[in-house]
There are 2 protein chains.
Amino acid sequence: MHSSEQIPHPVIRRLPKYLVHVQELREEGVEWASSQEIADALGLTSSTVRQDLSHMELRGISKKGYETSQLEAVLRQVLGADIMHHVVIIGAGHLGRALAEHGAFARRGFEICGLFDRDEDLIGKMYGNAEVMSIDDLATQVGKVKIDIGIIAVPSSAAQQVAEMLVDAGVKAILNLAYKHIQVPSHVTVVDARIMESLQELAYALGKKKEVSRG
Amino acid sequence: MHSSEQIPHPVIRRLPKYLVHVQELREEGVEWASSQEIADALGLTSSTVRQDLSHMELRGISKKGYETSQLEAVLRQVLGADIMHHVVIIGAGHLGRALAEHGAFARRGFEICGLFDRDEDLIGKMYGNAEVMSIDDLATQVGKVKIDIGIIAVPSSAAQQVAEMLVDAGVKAILNLAYKHIQVPSHVTVVDARIMESLQELAYALGKKKEVSRG
DNA sequence: ATGGTATTGATAATTTTTTGACAAAACCTT
DNA sequence: AAGGTTTTGTCAAAAAATTATCAATACCAT
Ligand SMILES: NC(=O)c1ccc[n+]([C@@H]2O[C@H](COP(=O)([O-])OP(=O)(O)OC[C@H]3O[C@@H](n4cnc5c(N)ncnc54)[C@H](O)[C@@H]3O)[C@@H](O)[C@H]2O)c1
Ligand SMILES: NC(=O)c1ccc[n+]([C@@H]2O[C@H](COP(=O)([O-])OP(=O)(O)OC[C@H]3O[C@@H](n4cnc5c(N)ncnc54)[C@H](O)[C@@H]3O)[C@@H](O)[C@H]2O)c1
């Protein structure tokens, strides 16, 4: 219930799902949502939903549930959607450009402040609101405006090196899109967002299904 | 130890990390890896590594560890990297195009067999090896070659509708990149790979750090 | 206003996951 | 060839996460 307590990791990973859902509900004009409704919509149990929301600064009301406006507000606050985070993307390849041109980030509190590459031919080009800068200028650029999050969108072979550059520049949170585990000091948080891993998870599920259907 | 047993979900999510690591080791010419070495490299405990690998069809050897070639082989097999999966991408926008042009998927057993969009202007364009086709032709195209996996790369507002088209076309596994929970029948597996959620996870970690440093 | 009822918040039970511990295995050195 | 040592595989313990349960709450219909 207190914001200073540590929220368990599995809960943190579900919070964005609650936020998406409650935003949809509000768009539909729904003002109250019970734990059961939320659970059904997201494939959870109502008990899990209530446990999870007990970590938020919010109380539900008997017979009505949780007020959607209030729920959205606390979720946005916990997930940092209310304050603007400054983000740099390293790697202006296919994926880096797609991210830079993706408008939805700014609406959720993530402003792309820089896009860096080592390829001279790319430098100066604009993608979204970001101009490609030389990777050699990373340190000086990051010095100008405090950068919260670095996104690694370079080939796996360069991922560790880029991670170290980000750490040296003082970045405390890294989103790693490369298919490679990166080592960082313990004061830096890394989250991997690997599409390949998700595909492999699906491939495992498909393999299991085939086995089961064979008997 | 038997391939027919159900491997726990947390284990499945770690397997791709082991695969990445063991492939790197092999490239370096390393032939044996102990659970401790693997644990150190990936930020786990050696106990967890041994537990996880006990689900694979493989045995380590005292004083040497696991043979990297064998480990890679069983991981590839479990994660479906040995057989080719047929994949379609729905949505030829920034993200869909980046995926279509991403060469690494084919090397891991995922062949992009189709790229679909509803925008007439995009139809016929080539991205990677895939030509953009009309979403209206999804059913007939999927009929021609058995599609294993569908990737949703359309705006959130269209995600549910696209999911239903994929299900109707007989697709059994869906990778959802849209920031929206989709509902599918229970025989279909969905994995969400949402970059936004990963960023929000980082934002939470940053918020916590700030709190702690304030005392 | 009152009573029936749906839904919360809290606690307890259960299940799952992670970690610890150690005998057995088999390597390597001498 | 034997002994010391490292590392596995397994089992047990601990920790964490999920689910079930239920008294308390406060809504809503009458
Ligand atoms: N494209 C996808 O759909 C996709 C999906 C999942 C993961 N990924 C991963 O994301 C990463 C980028 O993928 P991509 O498709 O954009 O690759 P890409 O080859 O299109 O782009 C990589 C970019 O990084 C730049 N680069 C290389 N080394 C650098 C360095 N040391 N410093 C700065 N810039 C450097 C290159 O010049 C290039 O512009 C890869 O690790 C890839 O595996 C990509
Ligand atoms: N671009 C990113 O970096 C990024 C990152 C994370 C998540 N996403 C998510 O991925 C999805 C796609 O993002 P994007 O940046 O590629 O968007 P985009 O607007 O560039 O592309 C979306 C494409 O989908 C097509 N489309 C829309 N409705 C369709 C339908 N019913 N059937 C077929 N095609 C349809 C559009 O014509 C368009 O070409 C979004 O849900 C977005 O939130 C994108």
Side-chain angles (χ1 to χ4, degrees), chain A residues 1-3 5-18 21-22 25 30-71 74-75 78 201 204-205 208, chain B residues 1-3 5-18 21-22 25 30-72 74-75 78 186 201 204-205 208:
Chain A
M1 192 68 80
H2 284 77
S3 69
E5 107 194 58
Q6 181 65 23
I7 301 176
H9 206 251
V11 178
I12 294 298
R13 286 201 310 258
R14 282 191 294 270
L15 295 186
K17 298 186 201 299
Y18 294 131
H21 182 62
V22 77
L25 289 176
V30 178
E31 289 180 11
W32 296 90
S34 71
S35 56
Q36 188 64 61
E37 281 165 347
I38 296 171
D40 291 345
L42 301 182
L44 305 167
T45 67
S46 66
S47 201
T48 300
V49 172
R50 288 201 301 281
Q51 283 281 27
D52 287 355
L53 297 188
S54 75
H55 296 282
M56 307 287 105
E57 300 269 358
L58 146 112
R59 293 189 69 88
I61 291 182
S62 285
K63 209 130 180 215
K64 300 188 92 173
Y66 301 88
E67 199 175 358
T68 53
S69 62
Q70 209 187 340
L71 181 52
V74 294
L75 287 170
V78 172
E201 206 177 316
Y204 170 77
K208 271 291 136 204
Chain B
M1 193 67 80
H2 284 78
S3 69
E5 106 193 58
Q6 181 65 24
I7 300 177
H9 205 251
V11 178
I12 294 298
R13 287 202 309 257
R14 281 190 294 269
L15 295 185
K17 298 185 201 299
Y18 295 132
H21 182 62
V22 77
L25 289 176
V30 178
E31 290 180 11
W32 295 90
S34 72
S35 57
Q36 188 64 60
E37 281 165 348
I38 297 171
D40 290 345
L42 301 182
L44 304 168
T45 68
S46 66
S47 199
T48 299
V49 173
R50 287 202 301 281
Q51 279 285 24
D52 286 357
L53 297 188
S54 75
H55 296 283
M56 307 287 104
E57 300 268 0
L58 147 113
R59 294 188 70 87
I61 290 183
S62 285
K63 205 123 186 233
K64 301 189 91 174
Y66 302 88
E67 200 176 358
T68 53
S69 62
Q70 209 188 340
L71 182 52
E72 180 181 359
V74 295
L75 287 170
V78 172
S186 62
E201 208 177 314
Y204 170 78
K208 269 291 136 207

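We name chains A, B, ... by the order of the sequence lines, and we start the count at 1 in each one. All values below come from the heavy atoms of this structure, side chains included, with hydrogens, waters and symmetry mates left out.
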Between [N] atom [atom2] and [X] atom [atom1], what is the distance in whole Å?
X      : N       : atom1 : atom2 : result
D40(A) : dA6(C)  : CG    : P     : 16 Å
M56(A) : dG9(C)  : CE    : C1'   : 15 Å
I61(B) : dT8(D)  : CD1   : P     : 11 Å
L71(A) : dG9(C)  : CG    : P     : 11 Å
E67(B) : dT8(D)  : CD    : P     : 14 Å
I38(A) : dG9(C)  : CD1   : P     : 11 Å
L15(B) : dT17(C) : CG    : C1'   : 15 Å
R13(A) : dT17(C) : CZ    : P     : 12 Å

Flag side-chain contact, heavy atom, 4.5 Å: [X] against [Y]:
X       : Y      : value
E201(B) : L15(A) : no
R14(B)  : T48(B) : yes
Y18(B)  : L44(B) : yes
E31(A)  : K64(A) : no
Q70(B)  : R59(B) : no
L42(B)  : V49(B) : no

- [ ] State which of dC27(C), dG9(C), dA26(D) makes the closest approach to the side chain of K64(B).
- [x] dC27(C)

Task: Protein proximity profile, nucleotides 11-21 of chain D - base contact B, sugar-phosphate-only contact S, no contact -, cut-off 4.0 Å on heavy atoms - done: BB----SSBBB

- [ ] Could you tell me whether the side chain of S62(A) has a donor or acceptor atom within less than 3.5 Å of a complementary atom in the base of dT8(C)?
- [x] no

Task: L58(B) versus Y66(B), closest heavy-atom pair with distance - done: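 What the structure gives for the nearest pair is CD2-CD2, 3.7 Å.
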
Open item on the list: Can you see if the side chain of S35(A) gets near the phosphate of dT8(C) - specifically, an N or O under 4.0 Å from OP1 or OP2?
Closed with: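 For dT8(C), OP1/OP2 do have a side-chain N/O of S35(A) under 4.0 Å.
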
